[in-house]
Structures are given as C-alpha cells and as structure tokens.
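A short write-up of the structure that comes next.
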Amino acid sequence: MYGEVFKMMTGVEMLHVPYRGGGPALTDLLAGQVSIMFDTLATSIEHIRAGKLRALAVTSAARSDVLPDTSTVGDFVPGYEASSWQGVGGPRSTLRRLSRSSTGEINAVLADPKIRGRIADFGYTVFASSPADFRVFIAAHTQKWAEVIKFSGAKAY
C-alpha cells in the first residue's frame, strides 16, 4: 500500500507484484528479480547495514535514527508519509479501571531506555498515548488508507 500512496501522489506508473509475505519479496529484491520494494526497516535493516541493499528513502515523516543520512520520501514528495504501527487494544467491554491500569503499565515499559533502545534498533519510533488518543489515531489512519485502497482498486478475496 505504501507504493500505492506513492503512485497516487506522484502519478508514477509502477507494477505491483503481489507476494505471499515480505520474506519472498525481499528474497527476490536481493536476487535482482524486482527493482524496488517498500519494506519495513525491521526486516531490511540488516541487509542495508551489510551493504546488500541500498535504502533510497524512508517512508516515515521524519528521518530514521538508524538511517540518519537517508532522506524521507516526503523530502521529494511533499506530504508523503506511510508508517507501520502497532498498538494494544481490547474489547469495548473492558473495564475502564483495567484499561487505565494496562495503559499505564504499557506506557511505563515503553519509557524504559533499554526497551526504547531495542525497539529503535529495529528502526521503529516509540510513541505512547492514551486510549482516547489512540482512537483518534486509528480513525485518521482508517480514513487515509480507505482512500488509498479505493484509488488502488484493491479487492479482498
């Protein structure tokens, strides 16, 4: 989908080659079977560090701490941003007391310098938030990616 955002914003024609996961796609990229891949740093960073891959740009809004000399796509395509993220959720019926407690514990773990450092090694940026902020974040991302999916014509099978 990151490539679809790029296509949508630039008008550049690229052929999407579907794979059954990032592993086979990365294998073909390393073998020269495909010429470009929008991949997560977590799976490609070691190949970049080893000189087997060249990072052309990062898709996040800001440069990556693990690749500080690598430009962002947004440096060349103003407004471009595509980042993966993870979050913790639960059923709507989860007690508020439990939710607040869990949020506090999770945010405390994410504040630990050792944990933050380990996560940063994979090219991720830690951000902790409240359940309310996370709902707003999810709503905004749902709208953004719905537009990209409509543009791309992607269908679920």
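Tested against Tyr2, the residues Asp39, Thr40, Thr59 include a single side-chain contact (heavy atoms from CB on, under 4.5 Å) partner, Thr59.
Residue Leu56 is not grouped with residue Leu15 when hydrophobic side chains (ILVMFWY) are merged at heavy-atom distances under 4.5 angstrom, including chains of intermediate members. A continuous path of hydrophobic side-chain contacts links Phe151 to Tyr80 [ILVMFWY only; heavy atoms under 4.5 Å]. Under the 4.5 Å side-chain contact rule for hydrophobic residues, Val136 and Ile138 do not share a cluster. Transitive grouping of hydrophobic side chains (ILVMFWY, heavy atoms separated by less than 4.5 Å) brings Val17 and Leu53 into a common cluster. No path of Ile, Leu, Val, Met, Phe, Trp and Tyr side chains, each step under 4.5 Å between heavy atoms, connects Leu110 with Phe134, placing them in separate hydrophobic clusters.
Between atom OG of residue Ser129 and atom CG of residue Asn107 there is a gap of 7.0 Å, rounded to the nearest 0.5 Å. Atom CD of Glu4 is separated from atom CZ of Phe38 by 9.5 Å, given to the nearest 0.5 angstrom. Note that CG of Asp112 is 13.5 Å distant from CZ of Arg118, once rounded to the nearest 0.5 Å. Here the OG-OH distance, from Ser60 to Tyr124, works out to 12.0 Å after rounding to the nearest 0.5 Å. Taken to the nearest 0.5 Å, the CZ atom of Arg116 stands 9.0 Å off from the OG1 atom of Thr125.
In terms of heavy-atom proximity, Ala62 sits nearest to Thr72 at C-CG2, 3.5 Å. For the residue pair Ala55 and Ile48, the shortest heavy atom distance occurs at CB-CD1, 3.9 Å. Closest non-hydrogen pair, Val66 versus Ala120, comes out as CG1-O, 3.0 Å. Across all their heavy atoms, Ala25 and Met37 have their closest contact at CB-CE, 3.7 Å. Scanning both residues, Ser35 and Leu29, for their nearest heavy atoms gives C-CD1, 3.9 Å. Scanning both residues, Met1 and Val148, for their nearest heavy atoms gives CE-CG1, 3.4 Å.
Counting only heavy atoms from C-beta outward, the side chains of Val88 and Ser102 never approach each other to under 4.5 Å. The side-chain heavy atoms of Tyr19 and Asp28, taken from C-beta on, include a pair separated by under 4.5 Å. In this structure the side chain of Ile36 never reaches within 4.5 angstrom of the side chain of Phe6, judged on heavy atoms. When side chains are defined from C-beta on, Met8 does not count as touching Lys150, because their heavy atoms never get closer than 4.5 Å.
For Phe137 and Trp85, the ring centers are positioned less than 6.0 Å apart.
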**Prompt:** Between Ser83 and Glu81, is a side chain to side chain donor-acceptor pair (under 3.5 Å) present by the stated rule, with each step listed?
**Reply:** CA-CA 7 Å; Ser83 301; Glu81 187 277 333; 2.5 Å; yes
**Prompt:** Could you walk me through whether His141 and Trp145 pass the side chain to side chain contact (heavy atoms under 4.5 Å, CB included) check?
**Reply:** CA-CA 6 Å; His141 279 258; Trp145 291 108; 3.7 Å; yes
**Request:** Output, in order, the C-alpha distance, side-chain angles, deciding distance and verdict of side chain to side chain contact (heavy atoms under 4.5 Å, CB included) for Leu67 and Leu41.
**Result:** CA-CA 9 Å; Leu67 296 173; Leu41 278 176; 3.4 Å; yes
**Message:** Pair Asp133, Phe127 - check side chain to side chain contact (heavy atoms under 4.5 Å, CB included), show working.
**Reply:** CA-CA 11 Å; Asp133 289 341; Phe127 67 96; over 6 Å; no
**Request:** Could you please spell out the steps behind the side chain to side chain contact (heavy atoms under 4.5 Å, CB included) verdict for Val126 and Ile115?
**Result:** CA-CA 9 Å; Val126 173; Ile115 300 295; over 6 Å; no
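Residues in residues 44-71 take part in these salt bridge (Lys or Arg N to Asp or Glu O under 4.0 Å) pairs, two or more places apart or across chains: Glu46-Arg49, Arg63-Asp75.
Heavy-atom contacts from other residues, nucleotides or ligands closer than 6.0 Å to CD of Gln86 number more than 12.
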